[in-house]
Amino acid sequence: MLLLTKVSISRLLPPTNVVAAAAVRAFSPNAPSQATSSYGKTPREVLQEKLARQEIQPDPHQQRITEALQVVYDSIQTYTPPKPSTGLGKWFGFGRGARKVLDAPKGLYIYGSVGGGKTMLMDMFYDCCVIDRKRRVHFNSFMTDVHGKIHEIKSKHVRDASNSKPQPFDPIKPVAELITEDSWLICFDEFQVTDIADAMILKRLFTYLFDAGVIVVATSNRAPDDLYKNGLQRSNFVPFIGVLKSHCNVVTLDSGVDYRTAALKGESKHYFDKSQGDANPAMDKLFKVLCSQENDMIRPKTFTHFGRNITFAKTCGQVLDSTFEELCDRPHGASDFLQISQFFHTVLIRDIPQLNLKLKSQTRRFITLIDTLYDNRVRLVVSADVPYKMLFSNEKPDDMHTSDEHRMLMDDLKITKESMDASSNLFTGEEELFAFERTVSRLAEMQSAEYWTLWEKHR
């Protein structure tokens, strides 16, 4: 790889203007970014400008991905997607015998190891596209929104059909119509499948979207063939992989460099290792400083979300001082964490234990929490029992057993332990091991001064 020997270590971080643009989009996903000058330029041009300004290092792997994104960019310049309409079925081919869109350009699926610049390049492409109906979204948030829409549509259908004979009904179809009406170019960050509820609907959902002429660009840590690897009832999921690969070219970005962790030099200002001493005084001091910048008092805060009350004992304005127990021991989901990330600009998490397979539910919540905070550029301060690189132990505890949560899931799916593949990630924790590499990388970047300045620039 070509390297610039005089580039400062801060240049190794994702470019500030691109990351700031992602923060703006988290609050207004369809609005053109005002935090970047790339709107209307080509991905190739923007990359060359960044190299000229030494915002990034020359990297042949990133250059190759940019050329692949340039192909998608060029193809959509002459593409006319179907027009949204209240009668979406007649436009998009959702009705029986209706025309399907066959001439939509292929999208792009970018996968590779953590910290290589996948998200930066996709965001660069997104900012270049002068398109009204476009959306950039974390895949986890997208699927949370999909399940919410499914629930809403099913509830409405039950009410409308209460006085008539029940008819077969597929709620995925109207959900796809709503998505397509909003966007025909969708950029997914962190495309991953760990939830069986997601796995069982993806083929139908994306078949509708692709038939409607939607173009997808996605980043992931996994190759398409490895998605939902060893997952429950994976045979029902596998057809989706074929659908995805038929509508997206697949490229890999694996330079072997994690630019996020490379930038730290071992310095840590917002991650406090309790094995080195009591972290509470430093956390208390930082919370006090943050509170001085808020126009509010220290008090509890309660959110009502999907009919449930979520209470935190200690907040001040847009600053949350919480514990691992409050955030990850309680049964919070991705939508709960999204609520938190949209209300608080800074989150303190105290007393994170060393995570392992015995704490699988808490570990999954923690991974989702960090993904959501990172994607929304929320500032993070943590205290933990061990350094961040040791935060997850892959040793299987001697007393490891099937939890009540897993037994209930197996009962719902009518699966017995004997009939199930012994390698299923429900029990081995393979997905957690894989995803935690990304979590460690993001924790590293979230400690940096550059990351902390992003919220101030957005505000």
Side-chain angles (χ1 to χ4, degrees), residues 114-115 140 190 194 258 260-261 264 266-288 290 301 310-315 319-334 336-341 344-397 400 403 405 429 431-448 451-452:
V114 298
N140 214 7
E190 299 298 346
T194 58
D258 184 341
R260 289 193 285 251
T261 56
L264 279 181
E267 297 177 1
S268 173
K269 296 181 180 179
H270 305 113
Y271 186 104
F272 297 95
D273 179 5
K274 292 168 62 178
S275 67
Q276 302 299 314
D278 186 5
N280 282 323
M283 296 279 285
D284 291 342
K285 181 178 179 180
L286 191 47
F287 180 65
K288 184 176 181 180
L290 291 167
K301 172 73 178 179
I310 305 172
T311 299
F312 294 101
K314 193 176 181 182
T315 72
V319 179
L320 169 63
D321 188 355
S322 63
T323 64
F324 180 85
E325 181 180 359
E326 276 187 308
L327 287 166
C328 299
D329 278 4
R330 299 191 293 189
H332 296 318
D336 300 318
F337 295 141
L338 187 61
Q339 284 284 105
I340 292 168
S341 69
F344 298 107
H345 59 65
T346 307
V347 174
L348 287 75
I349 309 175
R350 299 178 187 247
D351 305 325
I352 302 174
Q354 186 176 41
L355 302 171
N356 55 46
L357 298 183
K358 188 176 181 180
L359 300 173
K360 182 180 288 189
S361 295
Q362 293 93 323
T363 298
R364 284 190 173 183
R365 292 184 196 118
F366 183 73
I367 291 170
T368 303
L369 171 63
I370 297 302
D371 278 349
T372 306
L373 297 181
Y374 178 88
D375 198 52
N376 289 279
R377 297 296 144 186
V378 176
R379 301 186 296 190
L380 180 67
V381 184
V382 301
S383 68
D385 290 347
V386 293
Y388 71 91
K389 289 185 177 180
M390 300 171 58
L391 201 52
F392 188 78
S393 170
N394 60 6
E395 293 183 6
K396 189 172 181 179
M400 183 73 178
S403 68
E405 174 188 339
E431 286 294 337
E432 288 80 359
L433 288 168
F434 193 88
F436 216 83
E437 294 180 15
R438 180 180 71 250
T439 302
V440 168
S441 178
R442 291 184 161 182
L443 282 172
E445 184 186 342
M446 293 169 89
Q447 298 171 51
S448 67
Y451 179 92
W452 269 63

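Values below: all heavy atoms of this structure, side chains included; hydrogens, waters and symmetry mates excluded.
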Are [X] and [Y] side-chain neighbours, meaning at least one heavy-atom pair lies under 4.5 Å?
{"X": "L320", "Y": "T346", "answer": "no"}
{"X": "V382", "Y": "V347", "answer": "no"}
{"X": "T315", "Y": "D321", "answer": "no"}
{"X": "T323", "Y": "I352", "answer": "no"}

At their closest point, which heavy atom of [X] faces which heavy atom of [Y], and how far apart are they?
{"X": "D329", "Y": "Q362", "answer": "OD1-CG, 3.2 Å"}
{"X": "N356", "Y": "T363", "answer": "O-OG1, 3.6 Å"}
{"X": "K274", "Y": "D351", "answer": "NZ-OD1, 2.9 Å"}

What is the distance from atom [atom1] of [X] to atom [atom2] of [Y], rounded to the nearest 0.5 Å?
{"X": "Y271", "Y": "L380", "atom1": "OH", "atom2": "CG", "result": "10.0 Å"}
{"X": "L359", "Y": "C328", "atom1": "CG", "atom2": "SG", "result": "10.5 Å"}
{"X": "R330", "Y": "R365", "atom1": "CZ", "atom2": "CZ", "result": "10.5 Å"}
{"X": "L338", "Y": "D371", "atom1": "CG", "atom2": "CG", "result": "12.0 Å"}
{"X": "R364", "Y": "T368", "atom1": "CZ", "atom2": "OG1", "result": "9.0 Å"}
{"X": "S275", "Y": "D385", "atom1": "OG", "atom2": "CG", "result": "8.5 Å"}

Residues M446, I370; criterion side chain to side chain contact (heavy atoms under 4.5 Å, CB included); working and verdict: CA-CA 10 Å; M446 293 169 89; I370 297 302; 4.1 Å; yes

Side chain to side chain contact (heavy atoms under 4.5 Å, CB included) evaluation trace for T311 with K301: CA-CA 6 Å; T311 299; K301 172 73 178 179; over 6 Å; no

Mutual orientation of the aromatic rings belonging to F366 and F324 [parallel < 30°, tilted 30-60°, perpendicular > 60°]: tilted

Parallel, tilted or perpendicular: ring planes of F312 versus F344, cut at 30 and 60 degrees: perpendicular

Is there a donor-acceptor pair under 3.5 Å between the side chain of [X] and the backbone N or O of [Y]?
{"X": "N376", "Y": "V378", "answer": "no"}
{"X": "Q354", "Y": "V386", "answer": "no"}
{"X": "H345", "Y": "R377", "answer": "no"}
{"X": "H270", "Y": "V381", "answer": "no"}
{"X": "E445", "Y": "S441", "answer": "no"}
{"X": "S322", "Y": "L348", "answer": "yes"}

Partner set under side chain to side chain donor-acceptor pair (under 3.5 Å) for T372, not counting sequence neighbours: none

Worked verdict on L373 versus F337 for side chain to side chain contact (heavy atoms under 4.5 Å, CB included): CA-CA 8 Å; L373 297 181; F337 295 141; over 6 Å; no

E326/R350 under salt bridge (charged side-chain N to carboxylate O under 4.0 Å, His left out): CA gap, chis, key distance, verdict: CA-CA 10 Å; E326 276 187 308; R350 299 178 187 247; over 6 Å; no

Verdict with reasoning, T439 to R442, per side chain to side chain contact (heavy atoms under 4.5 Å, CB included): CA-CA 5 Å; T439 302; R442 291 184 161 182; 5.9 Å; no

